[in-house]
Trainee: 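Here it is, the structure in full.
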Amino acid sequence: MALDCQTCGACCVNLPSNQAEGFTTWVEIEPDARLLTRRDLVRKLVTYDADGVPHLRISADGRCLALRGAIGGRVRCDAYHDRPAPCRRVQPGDGWCLRYRREHGLDPAR
Ligand code: SF4
Ligand code: SF4
């Protein structure tokens, strides 16, 4: 059975192993991302690192602030049509997907 992103959301939460290592910036946003032209979304979803590079903002528990719903339940992305390139790169069933699912306690295969 194909993996269904709308009942997953695991790759929209920082990996527990990253959090354990203290990473607070997470998905980097490419300079020409459409997201960066949306002032409303920038205000809510973007943070800048010490070098001024934009990243998706995450909550203390590692969730991207655009993610709605509970991991493994019904989820959606509030910025889906404007999400940055790294969000588009992860594909259901690829290596990153399976790693995220495994680390967040979801069966990698279903
Ligand atoms: S971890 Fe995989 S199945 Fe889950 S939302 Fe991301 S790409 Fe989709
Ligand atoms: S912007 Fe959307 S797709 Fe990207 S990590 Fe956040 S919730 Fe997931």
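In what follows, every heavy atom counts, from backbone to side chain, and hydrogens, waters and symmetry copies are set aside. These numbers were taken from a predicted model, which means no experiment stands behind them. We count ligands from 1, going down the list as the structure has it; atoms in each ligand are counted the same way.
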Trainee: Could you check atom 8 (Fe) of ligand 2 against the protein and tell me its nearest heavy-atom contact, residue, atom and distance included?
Mentor: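 For atom 8 (Fe) of ligand 2, the nearest protein heavy atom is Cys12 SG, 2.3 Å.
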
Trainee: Tell me, with the steps shown, if Cys64 and Val27 meet side chain to side chain contact (heavy atoms under 4.5 Å, CB included).
Mentor: CA-CA 9 Å; Cys64 172; Val27 171; over 6 Å; no

Trainee: Nearest protein heavy atom to atom 6 (Fe) of ligand 1, by residue and atom, and its distance?
Mentor: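 Nearest protein contact, heavy atoms only, for atom 6 (Fe) of ligand 1 is Cys11 SG, 2.3 Å.
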
Trainee: Do Leu65 and Tyr48 sit in the same hydrophobic cluster, where Ile, Leu, Val, Met, Phe, Trp and Tyr count as joined when their side-chain heavy atoms come under 4.5 Å apart?
Mentor: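 Yes, it is one cluster - the side chains of Leu65 and Tyr48 are joined through contacts under 4.5 Å.
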
Trainee: Which of the numbered atoms in ligand 2 are below 4.0 angstrom from a heavy atom of Cys87?
Mentor: 1 (S), 3 (S), 4 (Fe), 5 (S)

Trainee: Atom 2 (Fe) of ligand 2: which protein heavy atom is closest, and how many Å away?
Mentor: Cys77 SG, 2.3 Å

Trainee: Is there a donor-acceptor contact under 3.5 Å from the side chain of His104 to the main chain of Arg102?
Mentor: no

Trainee: Pull out every atom of ligand 1 sitting under 4.0 Å from any heavy atom of Pro92, numbered as shown with elements.
Mentor: 7 (S)

Trainee: List the closest protein heavy-atom neighbour of atom 5 (S) of ligand 1: residue, atom name, distance to the nearest 0.1 Å.
Mentor: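 Of the protein heavy atoms, Gly9 N, 3.5 Å lies nearest.
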
Trainee: Need the ligand 2 atom indices (1-based, order shown) with element for anything under 4.0 Å from a heavy-atom of Leu67.
Mentor: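 Ligand 2 atoms under the 4.0 Å threshold to Leu67: 7 (S).
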
Trainee: Check this for me, if you would: do Asp107 and Arg101 make a salt bridge, where the nitrogen-to-carboxylate-oxygen distance has to be below 4.0 angstrom?
Mentor: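 Answer for the salt bridge query: no.
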
Trainee: May I ask you to decide whether Arg38 forms a salt bridge with Asp40, counting only side-chain N to carboxylate O separations under 4.0 Å?
Mentor: yes

Trainee: Please step through side chain to side chain contact (heavy atoms under 4.5 Å, CB included) for the pair Cys12 and Val75, ending with a clear verdict.
Mentor: CA-CA 10 Å; Cys12 301; Val75 292; over 6 Å; no

Trainee: Considering only heavy atoms of Arg101, which atoms of ligand 1 have at least one such atom less than 4.0 Å away?
Mentor: 1 (S)

Trainee: A quick test of your reading: do over 12 heavy atoms of other residues, nucleotides or ligands sit less than 6.0 Å from CD of Gln6?
Mentor: no

Trainee: By number and element, which atoms of ligand 2 are closer than 4.0 Å to a non-hydrogen atom of Cys64?
Mentor: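 Atoms satisfying the 4.0 Å criterion: 1 (S), 5 (S), 6 (Fe), 7 (S).
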
Trainee: In the protein, which heavy atom is nearest to atom 4 (Fe) of ligand 1, and how far is it?
Mentor: Cys8 SG, 2.3 Å

